[in-house]
Protein chains: 2
Amino acid sequence: MRANNRLGSMIWVRLSRFTSQSNQLSNVFLKRFDLTSAQFDVLMQIRIYGPLSQMELADKVTVTQGGISRMLVRLEKEGYIVRKQDWKTKTISLTAKAESILERAYPAQEAFQSSFFEEALNEEEQKTLHDLLSRVHRHSLKKEIPLE
Amino acid sequence: MRANNRLGSMIWVRLSRFTSQSNQLSNVFLKRFDLTSAQFDVLMQIRIYGPLSQMELADKVTVTQGGISRMLVRLEKEGYIVRKQDWKTKTISLTAKAESILERAYPAQEAFQSSFFEEALNEEEQKTLHDLLSRVHRHSLKKEIPLE
DNA sequence: TTGTATAACTTGATTAGTCAACTGATGGAT
DNA sequence: ATCCATCAGTTGACTAATCAAGTTATACAA
């Protein structure tokens with residue numbers, strides 16, 4: 001039995017191995033701020049786009065309604081966010097605690113994330129990578145799943 | 001508050017959003033074979049490199065020892081694999097059931113995975129993407145986490 | 001032969017996510 | 001006023017993973 005040969009499959013494997021590798025490293029890195037990388041991601045989206053509803057947030061982080069509900073329960077229990085019922089919607093915003101953690105964690109994590117690319121590629125190559133990924137991502141959002 | 005501006009962070013976000021998006025689509029696609037994409041991934045590694053030990057397999061799919069143990073319990077319960085104690089090691093191999101499913105599932109899934117890239121990029125661009133990702137991945141494997 | 005060291009694997013507690021069925025809030029039609 | 005549709009969020013059952021502590025199997029030394 002030989003390994004995947006089609007180019008697309010090879011890209012796929014690299015992508016998922018790298019993503020899981022860099023996610024694990026990020027988790028280790030963020031431990032010093034008492035955050036996981038999923039939590040950091042959600043908190044940053046709220047910081048940038050908030051206040052917003054759970055649906056809007058779920059959409060931003062590519063997670064289901066149920067997934068965001070559970071995540072927010074944990075974040076609320078830790079005192080990072082508050083939710084208040086506002087018409088039909090629950091509006092989410094950061095607490096002072098979260099704001100002050102992010103003030104330190106954000107620059108650190110941004111530098112850490114960037115270092116994966118900056119240390120391996122030059123500016124031009126990073127731009128190319130970003131462009132190619134953006135196109136592939138955009139395409140995937142309107143992709144149809146072939147029938148049986 | 002403005003969004004991430006550093007190039008590396010922008011790449012990181014695209015990467016993780018695309019990975020989660022394409023993973024979800026793969027899960028829907030693979031449902032017709034009664035597989036999840038994590039299961040497909042593990043079964044394919046066994047098919048290509050097997051028979052192998054749990055440690056070796058864990059390494060191939062970038063998962064911890066505990067993670068692979070739990071996954072294999074599920075796969076064994078479904079009748080996709082067998083493990084036999086062999087010295088200190090448990091040697092894993094596919095059952096006929098799994099072989100016959102993969103015979104159909106593999107070409108289908110390979111084509112599906114590839115289509116994400118083939119539909120959005122030309123041959124040249126796919127090669128570039130593969131090359132850039134490989135370099136970034138290789139670098140990440142020897143990356144040190146900066147101190148506190 | 002009885003420890004003891006060690007490598008390979010398992011397991012409990014937790015995070016993170018999925019789907020599908022359910023609950024709660026609101027607004028409109030009768 | 002009452003019933004109903006609908007949108008937002010929650011929840012139960014499950015997959016998938018992590019870490020750290022606990023097992024099991026084997027080899028080797030006293």
Side-chain angles (χ1 to χ4, degrees), chain A residues 16-17 19-31 33-43 45-46 51-78 80-92 145, chain B residues 16-17 19-43 45 51-78 80-92 145:
Chain A
S16 61
R17 302 290 183 254
T19 303
S20 93
Q21 169 73 8
S22 67
N23 235 321
Q24 275 174 245
L25 293 175
S26 273
N27 276 321
V28 175
F29 179 75
L30 286 171
K31 206 164 278 165
F33 301 111
D34 250 305
L35 292 172
T36 65
S37 71
Q39 290 167 351
F40 176 84
D41 192 8
V42 169
L43 292 177
Q45 296 303 311
I46 304 171
L52 28 59
S53 70
Q54 299 197 181
M55 298 235 62
E56 290 166 330
L57 184 52
D59 198 57
K60 293 248 180 264
V61 293
T62 332
V63 144
T64 59
Q65 245 180 95
I68 208 70
S69 174
R70 295 188 140 88
M71 171 60 92
L72 292 176
V73 167
R74 288 189 297 265
L75 290 175
E76 196 164 46
K77 198 152 48 185
E78 297 291 327
Y80 290 135
I81 60 151
V82 272
R83 289 186 282 181
K84 64 167 198 296
Q85 188 83 29
D86 210 25
W87 204 63
K88 280 196 219 181
T89 296
K90 292 198 178 173
T91 298
I92 304 148
I145 294 177
Chain B
S16 62
R17 301 290 183 254
T19 302
S20 94
Q21 170 73 7
S22 66
N23 235 320
Q24 275 173 246
L25 294 176
S26 274
N27 277 321
V28 175
F29 179 75
L30 286 171
K31 206 166 278 166
R32 69 194 61 176
F33 301 110
D34 250 306
L35 292 171
T36 64
S37 71
Q39 290 167 351
F40 176 83
D41 191 8
V42 169
L43 292 177
Q45 296 303 311
L52 29 58
S53 71
Q54 297 196 185
M55 298 234 63
E56 289 166 330
L57 184 54
D59 197 58
K60 293 248 180 266
V61 293
T62 330
V63 145
T64 59
Q65 248 180 90
I68 209 69
S69 174
R70 294 186 142 90
M71 171 59 91
L72 292 175
V73 167
R74 288 189 296 266
L75 290 175
E76 195 163 45
K77 198 153 47 188
E78 297 291 328
Y80 290 135
I81 60 151
V82 274
R83 288 186 282 181
K84 64 167 197 296
Q85 188 84 27
D86 211 23
W87 203 64
K88 279 195 220 184
T89 297
K90 292 199 178 173
T91 299
I92 304 149
I145 295 176

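We name chains A, B, ... by the order of the sequence lines, and we start the count at 1 in each one. Remember, it's a predicted structure, so these values are computed and weren't measured experimentally.
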Would you list the protein and nucleotides 24-28 of chain C atom pairs, both N or O, that sit under 3.5 Å from each other?
{"residue": "C:dG27", "atom": "OP1", "partner": "A:Trp87", "partner atom": "NE1", "Å": "2.9"}

> In whole angstroms, how far is the P atom of D:dA16 from the CD atom of A:Gln24?
Replying inline: 17 Å
>> How many whole angstroms separate atom CG of B:Leu25 from atom P of C:dT18?
In response: 12 Å
> CZ of B:Arg17 versus C1' of C:dG17: gap in Å, rounded?
Replying inline: 14 Å
> Picking from D:dT15, C:dA16, D:dT18, which would you name as closest to the side chain of A:Arg74?
Replying inline: C:dA16
Which donor-acceptor pairs under 3.5 Å do side chains of residues 19-28 of chain A form with protein atoms, sequence neighbours excluded?
{"residue": "A:Thr19", "atom": "OG1", "partner": "A:Leu15", "partner atom": "O", "Å": "2.6"}
{"residue": "A:Thr19", "atom": "OG1", "partner": "B:Thr19", "partner atom": "OG1", "Å": "3.3"}
{"residue": "A:Gln21", "atom": "NE2", "partner": "B:Ser140", "partner atom": "O", "Å": "3.2"}
{"residue": "A:Ser22", "atom": "OG", "partner": "A:Phe18", "partner atom": "O", "Å": "3.2"}
{"residue": "A:Ser22", "atom": "OG", "partner": "A:Thr19", "partner atom": "O", "Å": "3.3"}
{"residue": "A:Asn23", "atom": "OD1", "partner": "A:Ser37", "partner atom": "OG", "Å": "2.7"}
{"residue": "A:Ser26", "atom": "OG", "partner": "A:Ser22", "partner atom": "O", "Å": "3.4"}
{"residue": "A:Ser26", "atom": "OG", "partner": "A:Gln109", "partner atom": "NE2", "Å": "3.3"}
{"residue": "A:Asn27", "atom": "OD1", "partner": "A:Ser37", "partner atom": "N", "Å": "2.8"}
{"residue": "A:Asn27", "atom": "ND2", "partner": "A:Asn23", "partner atom": "O", "Å": "3.3"}

> Can you tell me how far the NZ atom of B:Lys31 sits from the OG1 atom of B:Thr36, to the nearest 0.5 Å?
Replying inline: 10.5 Å
>> Looking at every heavy atom in both B:Asp34 and B:Gln39, which two are closest together, and how far apart are they?
In response: O-OE1, 4.2 Å
> Between D:dG9, D:dA16, C:dC9, which nucleotide gets closest to the side-chain atoms of A:Gln54?
Replying inline: D:dG9
> Hey, what do you get for CZ (A:Arg17) to OG1 (B:Thr62), rounding to the nearest 0.5 Å?
Replying inline: 5.0 Å
>> Check this one for me: any side-chain N or O of B:Thr36 less than 4.0 Å away from OP1 or OP2 of D:dA16?
In response: yes
> Distance from B:Met55 atom CE to B:Gln65 atom CD, nearest 0.5 Å?
Replying inline: 3.5 Å
>> Quick check: on DNA chain D, is the nucleotide nearest A:Lys31 upstream (toward 5') of the one nearest A:Thr91, or the reverse? Name the residue that is more 5'.
In response: A:Thr91
>> Using the side-chain heavy atoms of B:Thr64, tell me which of these nucleotides is nearest: D:dT15, D:dC19, D:dG9.
In response: D:dC19
>> For B:Ser53 and A:Val42, find the nucleotide of DNA chain C closest to each by heavy atoms; which residue's nucleotide sits nearer the 5' end?
In response: B:Ser53
> Between D:dT15 atom P and B:Lys77 atom NZ, what is the distance in whole Å?
Replying inline: 7 Å
> Does the pair B:Ile81 and B:Leu43 meet the rule for a side chain to side chain contact (heavy atoms under 4.5 Å, CB included), with working shown?
Replying inline: CA-CA 8 Å; B:Ile81 60 151; B:Leu43 292 177; 3.9 Å; yes
> In whole Å, what is the span from the CG atom of A:Asn27 to the C1' atom of C:dT15?
Replying inline: 10 Å
> Which one of B:Glu76, B:Glu78, B:Arg70 satisfies the side-chain contact (heavy atoms from CB on, under 4.5 Å) criterion with B:Arg74?
Replying inline: B:Arg70
>> If I compare all heavy atoms of B:Phe33 with all of B:Tyr80, which pair ends up nearest, and what's the gap?
In response: O-OH, 4.4 Å
> How many Å lie between CD on A:Gln39 and C1' on D:dA17, as a whole number?
Replying inline: 15 Å
>> In whole Å, I'd like the distance from the CD1 atom of B:Ile92 to the P atom of C:dA8.
In response: 13 Å
>> Tell me whether the side-chain N/O atoms of B:Lys90 come closer than 4.0 Å to OP1 or OP2 in C:dT10.
In response: yes
>> Go through it in stages, so that I can follow the logic: the residues are A:Ile145 and B:Arg32, the test is side chain to side chain contact (heavy atoms under 4.5 Å, CB included), and I'd like the CA-CA distance, side-chain angles, deciding distance and then a yes or no.
In response: CA-CA 12 Å; A:Ile145 294 177; B:Arg32 69 194 61 176; 3.8 Å; yes
> In whole angstrom, what separates B:Leu57's CG from D:dA16's P?
Replying inline: 14 Å
>> Using a 4.0 Å cut-off on heavy atoms, which residues in residues 65-73 of chain B reach DNA chain C? List them by number, or say none.
In response: B:Gln65, B:Gly66, B:Ser69, B:Arg70
>> I need the minimum non-hydrogen distance between A:Val61 and A:Gln45, along with the two atoms involved.
In response: CG1-CG, 3.5 Å
